[in-house]
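FYI, the numbering just counts along the sequence from 1. Counting starts at 1 for both ligands and their atoms, following the listed order.
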Amino acid sequence: MPRATVFRPAHSADAYAVALPERHTGPTDHVAIQHFPLKLISRRMLAPAIGHYSFVRDDGLPLDFIPGQFIQVHFEYADGTATKRSYSLATIHDHAMGPGEAVEIAVSYVPGGAATALFEGLEVGGTVDASGPFGRFCLMPGDANARYLLIATGTGVTPYRSMLPQLEAAIRERGVQVVLLFGARTPAELLYGDEFRAFADKHPDHFRFMPCFSRELPDAGSPHAHADVRHGYVQQFLDEVAPDASHDIAYLCGNPNMVDACFEALKACALEVKQIRREKYVSSK
Ligand SMILES: Cc1cc2nc3c(=O)[nH]c(=O)nc-3n(C[C@H](O)[C@H](O)[C@H](O)COP(=O)(O)OP(=O)(O)OC[C@H]3O[C@@H](n4cnc5c(N)ncnc54)[C@H](O)[C@@H]3O)c2cc1C
């Protein structure tokens with residue numbers, strides 16, 4: 001019999017504490033997957049082609065999830081074929097969600113994309129069919145690492161926004177270090193950049209926010225013209241943060257090419273596969 005371990009999401013009530021075999025310490029095992037309607041309560045543009053969508057469950061029930069997880073949105077193509085797309089939850093989550101609390105996602109508009117058309121046409125008060133939560137791209141309670149390397153491109157940064165309260169608890173309780181390497185083309189695409197900068201300012205000895213701009217740097221005088229800003233792709237700056245197998249756990253989220261490149265680079269720095277957690281935003285049709 002495998003040894004049992006107790007896993008409890010930081011935000012959950014005791015009812016969610018479940019004893020599981022060690023090899024199954026994935027969040028999906030602990031939070032029931034459900035199917036539910038989501039009603040749009042607001043949306044705003046985060047960047048020229050990226051929207052932040054705020055929903056509530058229209059069935060009056062709460063959506064409990066663990067930061068890092070995603071939902072799926074179900075819809076049909078014009079010919080009636082059923083399809084679905086995945087979206088990481090962006091909600092800053094530090095407590096069990098009660099009914100009526102927002103379910104937030106960031107949607108990057110892809111030219112010609114089927115879900116893109118659905119989201120662009122969605123009006124406040126409109127609903128989408130969703131299911132979740134899914135995924136294991138989460139901070140694990142048993143982690144005893146000294147540092148997290150969080151790496152993202154584009155909307156791949158949303159899981160880290162959701163994790164901020166958990167990261168704050170890990171900083172407070174065990175003094176963990178966190179580096180966020182976030183790849184965007186331009187300052188206008190630095191999603192939630194003000195929030196990450198404010199978090200870094202609040203925890204200057206523990207949280208380092210390194211935006212990496214591939215095309216255009218912030219103007220001097222902009223709040224994002226910071227000493228930790230870099231010009232190039234995130235993978236170019238891995239060496240600078242000196243990945244170290246003795247104390248790092250890395251998270252990679254977003255563009256599949258970036259995830260693969262960083263995965264190989266981290267393995268070359270002697271990190272073991274179990275120290276590198278990945279979420280690739282592959283297109284599903
Ligand atoms: C676990 C997971 C989590 C995800 N989380 C998010 C999220 O939080 N936010 C988000 O915006 N997306 C996320 N995605 C991607 C998302 O599920 C869709 O694939 C994406 O929104 C495109 O859907 P679409 O129907 O608009 O385009 P599709 O109809 O699927 O694609 C239209 C065309 O665009 C191409 N294409 C698809 N995606 C991209 C892209 N990113 N860049 C360039 N070309 C593309 C396709 O190859 C196709 O040719 C996630 C994917 C996974 C697997």
Quick check on side chain to side chain contact (heavy atoms under 4.5 Å, CB included): which of L38, D58, I71 does V128 satisfy it with?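 Single pass found, and it is L38.
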
Nearest heavy atoms of E279 and F137, plus distance in Å: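 Where E279 meets F137 most closely, the heavy atoms are OE2-CB, 3.5 Å.
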
Checking contacts here: is it the side chain or the backbone of F70 that comes within 4.0 Å of ligand 1, counting heavy atoms only? Could be both or neither.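 Within the 4.0 Å criterion, F70 contacts ligand 1 through side-chain atoms alone.
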
Given that the side chain starts at C-beta and the backbone is N, CA, C, O, which of these parts of A106 lies under 4.0 Å from ligand 1, counting heavy atoms, or is it both or neither?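 It is the backbone that touches ligand 1; the side chain stays farther off.
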
Any nitrogen or oxygen of A114, side chain or backbone, less than 3.5 Å from one on ligand 1?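 N/O-N/O distance under 3.5 Å: yes.
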
Return a yes/no value for S283: is any of its N or O atoms, backbone included, closer than 3.5 angstrom to an N or O of ligand 1?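 Such a contact does occur with ligand 1.
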
Contact with ligand 1 for V110, non-hydrogen, under 4.0 angstrom: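 Flag set, V110 near ligand 1.
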
Should side-chain heavy atoms under 4.5 Å link Ile, Leu, Val, Met, Phe, Trp and Tyr, which residues sit in the same cluster as V110?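 Taking Ile, Leu, Val, Met, Phe, Trp and Tyr as members, V110 stands alone, with no cluster partners.
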
Identify, by atom number and element, the atoms of ligand 1 in contact range of [X], meaning under 4.0 Å from any of its heavy atoms.
X	result
A115	24 (P), 25 (O), 26 (O)
V107	11 (O)
K280	52 (C), 53 (C)

As a quick check of understanding, evaluate side-chain contact (heavy atoms from CB on, under 4.5 Å) for F119 and L40, giving each step before the final call. CA-CA 10 Å; F119 280 107; L40 184 66; over 6 Å; no

Where do Q34 and S131 land on the side-chain contact (heavy atoms from CB on, under 4.5 Å) test, with the steps shown first? CA-CA 5 Å; Q34 300 171 326; S131 61; over 6 Å; no

To the closest 0.5 Å, what do you measure between CZ (R161) and CZ (F196)?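 Answer rounded to 0.5 Å: 8.0 Å.
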
Residue list, side-chain contact (heavy atoms from CB on, under 4.5 Å) with S86, at least two apart or on another chain: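 So S86 forms a side-chain contact (heavy atoms from CB on, under 4.5 Å) with F70, Q72.
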
Going by the closest heavy atom to atom 16 (C) of ligand 1, which one wins out of G156, G135, C253, S86?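 Among G156, G135, C253, S86, the closest heavy atom to atom 16 (C) of ligand 1 comes from S86.
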
